[in-house]
Amino acid sequence: MRFQRNIIITGGAGFIGSHVVRLFVNKYPDYHIINLDKLTYAGNLANLKDIENKQNYTFVKADICDFETICQLMEKFQADGIIHLAAESHVDRSIKDPFTFARTNVMGTLSLLQAAKLYWEAQTEGYEGKRFYHISTDEVYGALELTHPEGIKSGHSAHRVYGDDFFHETTKYNPHSPYSASKASSDHFVRAFHDTYGMPTIVTNCSNNYGPYQFPEKLIPLFINNIRHRKALPVYGKGENVRDWLYVEDHARAIDLIFHKGQVADTYNIGGFNEWKNIDIIKVIIKTVDRLLGNPEGYSSDLITYVTDRKGHDMRYAIDSSKLHRELGWEPSLQFEEGIEKTVQWYLENPEWMNNVTSGDYQRYYDEMYKGR
Ligand code: NAD
Ligand code: DAU
């Protein structure tokens, strides 16, 4: 079958990647979507059970650092677009093992860029109609001050903001963790490939995502699962750090819009104008889980356990995504209250997904489904 476009999505078995793959496979039956993923501990093909047999979907197990294989795959699938999400994504892991982050996030991105460059430059039409879209994080900008520890009402939303400043597209990079340093480095390589070779690249920097299929090492799914099992909720430091939260499907919608309509060589910030102190979000999670499980109000509050702070813990992230709204009309579709309700409900209604992850069984899915295909 001949497709209108052939798009490689890297990291499609991960949290955000699986939502992007699902959106593209369902919305664009004329596109061939190739999910290229190494299936590290964070990759889970069960995230894509509902679309795995679609005609326009192909899964390929590969490592983005394996340059030869990536070159072959570019050619085999005649890829004209890359949406690059594959990465090591967890800050705590980067503090313990920075080398893996440099390898995957920096060298892996460079390997993809070079493979795309060689393949596209060999085409008669060159870079015409091609796109290399790199998904990055707001953490590259560093950390903002908590100038309003109690929060003040903002012009942007009904929510509170905790400082005077925001991350803009022009904010100077100032990463602090090995994770954010590796993402910053990969962003620089992507822009360098535009500036040096004319590759049609785009970079977006997004705030904290939440929603279904997130690996339970991250705050929200970890805490929902711990409450369900009456386990301690480890709050780093005083729980005063602030993050801006965005429902994952809204991020996927933004990626779709920017992939198709974004300006080449440009950068867009994506965020929810939705700042929360960790301890406040934790209280919302406790309240929601308790209500949905039929527990009395406050039942799980005793699980809150203050623990040693994360090393180099960034105080506040707050994204200004007004450029994306102004230029492409994007805005989050869900209020946080709705998003967190949907999220908690999903984890409570899908205990088999969580049990498969926590038991490690999910890592057998590839062998059962794909070996010998
Ligand atoms: P994730 O950890 O859930 O998934 C990462 C995926 O990449 C996994 O499927 C994993 O198997 C795959 N992968 C890792 N190393 C690979 C390699 N060498 N080759 C091929 N595949 C490999 O990550 P996520 O939270 O979905 O984040 C996806 C992207 O979005 C990352 O680039 C991350 O930096 C960025 N981001 C995440 C957030 C967030 O809140 N989660 C916010 C902003 C940006
Ligand atoms: O800002 C975007 C980034 O958001 C992404 O680039 C990262 O890939 C993603 O992991 C996320 O990074 P954070 O470090 O902000 O997310 P995490 O869920 O690990 O932590 C959220 C906040 O909660 C952070 O301030 C640390 C705190 N925390 C986290 C865990 C796991 C705790 O207090 N206790 C915990 O057990």
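Note that the numbering runs from 1 along the sequence shown for the chain. Predicted model, so just to flag it, every value in this text is computed and none were measured. Counting starts at 1 for both ligands and their atoms, in listed order.
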Between Asp63 and Lys38, does at least one N-O distance fall below 4.0 Å, as a salt bridge requires? yes
Provide the closest heavy-atom pair for Leu39 versus Ala13 in the form atom of the first, atom of the second, distance. CD2-CB, 3.7 Å
Within-cut-off N or O pair, Asn241 and ligand 2, under 3.5 Å: no
Numbering as shown, the atoms of ligand 2 that approach Asp138 to under 4.0 Å (heavy-atom distance): 1 (O), 2 (C)
Measure from atom 19 (O) of ligand 2 to every heavy atom in Lys218, Arg310, Arg316 and give the option owning the shortest one. Arg310
For ligand 1, note which part of Thr104 has a heavy atom under 4.0 Å away: side chain, backbone, both or neither. side chain
Using 30° and 60° as the class boundaries, would you call the ring planes of Tyr210 and Tyr247 parallel, tilted or perpendicular? perpendicular
Looking only at distance, does Ser207 have an N or O less than 3.5 Å from an N or O of ligand 2? no
Quick one: do Arg253 and Asp250 make a salt bridge, cutoff under 4.0 Å? yes
With a cut-off of 4.0 Å, which atoms of ligand 1 are near a heavy atom of Tyr179? 33 (C), 34 (O)
Do me a favour and list the nearest non-hydrogen protein atom to atom 36 (N) of ligand 1 with residue, atom name and distance? Ile16 CD1, 4.0 Å
Does at least one non-hydrogen atom of Thr10 fall below 4.0 angstrom from an atom of ligand 1? no
At less than 4.0 angstrom from any non-hydrogen atom of Lys183, what atoms of ligand 1 do you find? 31 (C), 32 (O), 33 (C), 34 (O)
With respect to Asp92, determine whether any N or O atom, backbone or side chain, lies less than 3.5 Å from an N or O atom of ligand 2. no
Between ligand 1 and Thr40, is the shortest N or O to N or O distance under 3.5 Å? yes
Which ligand 2 atoms does Leu222 reach within 4.0 Å, using its non-hydrogen atoms? 36 (O)
So for ligand 1, is Gly14 a polar contact partner (N or O within less than 3.5 Å, distance only)? yes
N or O pair under 3.5 Å between Ile64 and ligand 1: yes
Taking 4.0 angstrom as the limit, do Asp361 and Arg364 come out as a salt bridge? yes
Please state whether the rings of Phe101 and Tyr179 are parallel, tilted or perpendicular, taking 30° and 60° as the class boundaries. perpendicular
Output yes when the distance from some N or O of ligand 2 to some N or O of Glu139 is under 3.5 Å, and no in every other case. yes
In ligand 2, the atoms that come under 4.0 Å of a heavy atom of His90 are 19 (O)
In this structure, is the centre-to-centre distance between the rings of Phe193 and Phe132 below 6.0 Å? no
Looking at Leu39, which atoms of ligand 1 are within less than 4.0 Å of one of its heavy atoms? 11 (O)
Is there a polar contact between ligand 1 and Gly12, counting only N or O atoms under 3.5 Å apart? no
Should you measure from each heavy atom of Pro234, which atoms of ligand 2 turn up under 4.0 Å away? 32 (C), 33 (O), 34 (N), 35 (C), 36 (O)
Ligand 1 atoms in contact with Ile135 (distance to a heavy atom under 4.0 Å): 30 (O), 32 (O)
Assign the ring pair Tyr28 / Tyr31 to parallel, tilted or perpendicular, where the plane angle (0 to 90°) is split at 30° and 60°. parallel
A student checking ligand 1 against Ser89 at a 4.0 Å heavy-atom cut-off should list atoms 1 (P), 2 (O), 23 (O), 25 (O)
Quick one: does NZ or CZ of Arg316 land under 6.0 Å from the six-membered ring centre of Phe167, within 45 degrees of the ring axis? no
Quick note on ligand 1: atoms under 4.0 Å from a heavy atom of Lys38 include exactly 16 (C), 17 (C), 18 (N), 19 (N), 20 (C), 21 (N), 22 (C)
Give the atoms of ligand 2, by number and element, whose distance to some non-hydrogen atom of Val235 is under 4.0 Å. 33 (O)
Mind running side chain to side chain contact (heavy atoms under 4.5 Å, CB included) on Asn44 and Trp353 for me, showing each step along the way? CA-CA 10 Å; Asn44 183 354; Trp353 181 90; 3.4 Å; yes
Per-atom filter on ligand 2: closer than 4.0 angstrom to a heavy atom of Glu217 are 31 (C)
Can you sort out which atoms of ligand 2 are near Tyr317, meaning under 4.0 Å from one of its heavy atoms? 1 (O)
Could you pull out, from Phe15, Tyr213, Tyr317, the option with a heavy atom nearest to atom 3 (O) of ligand 1? Phe15
Test of proximity, Ala86 against ligand 1: N or O pairs below 3.5 Å: no
Option whose closest heavy atom lies nearest to atom 11 (C) of ligand 2, chosen from Asn208, Ile135, Asp309, Ile16: Asn208
Does NZ or CZ of Lys61 come closer than 6.0 Å to the centre of the six-membered ring of Tyr366, within 45° of the ring's axis? yes
Heavy atom of Ser136, distance to ligand 1 below 4.0 Å: yes
Would you say the rings of His90 and Phe215 are close, in the sense that their centroids are separated by under 6.0 Å? no
Less than 4.5 Å apart, side chain to side chain, heavy atoms only: is that true for Asp66 and Ser111? no
Min over Tyr236, Trp245, Tyr179 of heavy-atom distance to atom 30 (C) of ligand 2 lands on Tyr236
Contact between Arg291 and Glu341 at the side-chain level, heavy atoms closer than 4.5 Å - yes or no? yes
Could you tell me, atom by atom, which parts of ligand 1 come under 4.0 Å of a heavy atom of Asp63? 17 (C), 18 (N), 19 (N)
Side chain of Tyr268, backbone of Gln263: donor and acceptor closer than 3.5 Å? yes
Drop me the distance from Glu52's CD to Arg22's CZ, to the nearest 0.5 angstrom. 11.0 Å
Measure the distances from the heavy atoms of Ser207 to every atom of ligand 1 and state whether one is below 4.0 angstrom. yes
Determine the interplanar angle of the Tyr236 and His313 rings, folded into 0 to 90°, and report it as parallel if under 30°, tilted if 30 to 60°, perpendicular if over 60°. perpendicular
Can a side-chain donor-acceptor contact be found between Ser182 and Ser185 if the only test is distance below 3.5 angstrom? no
What protein heavy atom is closest to atom 8 (C) of ligand 1, reported as residue, atom name and distance in Å? Asp37 OD2, 3.6 Å
Top protein contact for atom 43 (C) of ligand 1, by heavy-atom distance: Cys206 O, 3.3 Å
Below 3.5 angstrom, do we get any N/O pair linking Val91 and ligand 2? no
Salt bridge flag under 4.0 Å for residues Arg5 and Asp30: no
Could you list the atoms of ligand 2 found under 4.0 angstrom from a heavy atom of Thr137? 1 (O), 2 (C), 3 (C), 5 (C), 6 (O)
Does Arg93 qualify as a cation-pi partner of Tyr41, given the criterion of NZ or CZ under 6.0 Å from the six-membered ring centre and within 45 degrees of its axis? yes
Do Trp330 and Ser321 come close enough that some side-chain heavy atom pair is under 4.5 Å? yes
Under a 4.0 Å heavy-atom limit, does Asn278 contact ligand 2 with its side chain, its backbone, both, or neither? side chain
Here the atoms of ligand 1 under 4.0 Å from any heavy atom belonging to Asn208 are 40 (O)
Taking both backbone and side-chain atoms of Tyr41, is any N or O found less than 3.5 Å from an N or O belonging to ligand 1? no
Under 6.0 Å from the ring centre and within 45 degrees of the ring axis: does the NZ or CZ of Arg230 meet both conditions for the six-membered ring of Tyr299? yes
